[in-house]
Number of protein chains: 2
Amino acid sequence: MGLILRKNKIERPTNCPLTDVVDLLSKAWALAIIWNLSILPRRFGELRHDLPTISARVLSIRLHELEARGLVVRQPMQSPPPSSQYVLSALSQDFLPILNDLTKIGHRLTNMTPEYNEFS
Amino acid sequence: MGLILRKNKIERPTNCPLTDVVDLLSKAWALAIIWNLSILPRRFGELRHDLPTISARVLSIRLHELEARGLVVRQPMQSPPPSSQYVLSALSQDFLPILNDLTKIGHRLTNMTPEYNEFS
DNA sequence: CTGTATCCATGATGATACTG
DNA sequence: CAGTATCATCATGGATACAG
């Protein structure tokens with residue numbers, strides 16, 4: 001677990017594989033996107049439909065991130081009109097059971113302070 | 001996975017156990033704290049020493065959150081001077097192997113765009 | 001349809017100073 | 001030592017408009 005220097009001079013532990021995954025998954029809608037793709041490959045517009053309140057901007061960013069990290073594969077479909085389809089990678093398939101284990105832990109979390117932030 | 005209405009009118013999928021865990025772990029220093037406590041129970045100042053660049057404010061918030069969710073137990077030590085010690089809960093112990101699995105996935109993540117944010 | 005660019009509101013976090 | 005309050009800053013994400 002190394003230390004990197006961020007733009008705003010904040011040192012945080014990173015370059016840690018575990019932190020990497022968690023950071024990736026904690027971004028808005030990331031898990032929802034993975035969940036939807038695990039059911040069926042989807043196109044951009046279909047994901048927008050499945051996630052009614054997501055913005056196109058965030059969906060685009062998230063898909064790029066997940067693709068860059070190897071969790072999602074973008075399949076251009078040359079059939080006019082030009083379209084594309086997003087599919088879970090093999091890595092993501094190995095990943096789903098672990099998410100399932102994590103969910104079990106989630107069920108056991110207590111919830112004494114639902115929104116414990118900033119000494120609320 | 002339900003939908004809640006947040007203060008700023010943003011609807012996000014939440015009340016999802018998986019999202020809960022991931023959100024908890026993705027907060028700054030959360031994993032580092034858990035990691036350190038998994039080695040040995042620690043007091044506040046010892047954790048500050050282990051995590052040299054953490055601020056007391058964030059350490060305090062994180063410990064409260066982890067305690068409220070049942071991952072960390074705070075043990076007041078009545079021996080003067082008044083002190084306290086933080087220990088991982090039994091739930092956390094069940095949790096560690098899953099974190100280990102997640103780490104393996106992390107190792108397999110590609111890293112084509114290290115800082116893919118905001119169309120950088 | 002599939003994105004991308006700009007703008008802005010909010011939340012998270014570090015720095016610092018302070019309390020028992 | 002063990003926190004807590006206040007403040008400033010930066011990244012995230014939504015809304016909207018725009019492009020191929």
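These values consider heavy atoms only, across backbone and side chains, with no hydrogens, waters or symmetry-generated copies. Proteins get letters first, then strands, A, B, ... in listed order; numbering begins at 1 in each.
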Taking [atom1] from [X] and [atom2] from [N], how many angstroms apart are they, rounded to a whole number?
X        : N       : atom1 : atom2 : value
Ile61(A) : dA11(D) : CD1   : C1'   : 11 Å
Glu65(A) : dG3(C)  : CD    : C1'   : 15 Å
Leu63(A) : dT4(C)  : CG    : C1'   : 14 Å
Arg48(A) : dT2(C)  : CZ    : P     : 9 Å
Gln85(B) : dA2(D)  : CD    : P     : 10 Å
Phe44(A) : dG20(D) : CZ    : P     : 17 Å
Leu51(A) : dG3(C)  : CG    : C1'   : 16 Å
Ile33(A) : dG13(D) : CD1   : P     : 10 Å

Side chain of [X], heavy atoms from C-beta onward: which of [options] has the nearest atom to it?
X        : options                  : result
Val58(B) : dG14(C), dG3(D), dG14(D) : dG14(C)
His64(B) : dG14(D), dT4(D), dG13(D) : dT4(D)
Arg43(B) : dA2(D), dT4(D), dT6(C)   : dA2(D)
Ser84(B) : dT2(C), dG13(D), dA2(D)  : dA2(D)
Arg57(B) : dG13(D), dT4(D), dT6(D)  : dT6(D)
Ala56(A) : dT12(D), dG3(C), dA12(C) : dG3(C)
Arg74(A) : dA2(D), dT2(C), dT6(D)   : dT2(C)

Return no unless some side-chain N or O of [X] is found under 4.0 Å from OP1 or OP2 of [N].
X        : N       : value
Ser83(B) : dC1(D)  : no
Trp29(B) : dT13(C) : no
Tyr86(A) : dT2(C)  : no
Ser55(B) : dA15(C) : no
Arg62(B) : dT13(C) : yes

Heavy-atom side-chain proximity of Ile61(A) to Glu65(A) below 4.5 angstrom
yes
Pairs in or reaching into residues 85-97 of chain A: which pass salt bridge (Lys or Arg N to Asp or Glu O under 4.0 Å), with residues at least two apart or in two chains?
Asp94(A)-Arg108(B)
Tyr86(A) and Leu37(A): which non-hydrogen atoms are nearest, and at how many Å?
O-CD2, 3.4 Å
If two hydrophobic side chains count as joined below 4.5 Å and joins carry through other members, does Trp35(A) share a cluster with Val73(A)?
no
When you measure from the side chain of Ser84(A) to the backbone of Arg74(A), do you find a donor-acceptor pair of N or O atoms at a distance under 3.5 Å?
no
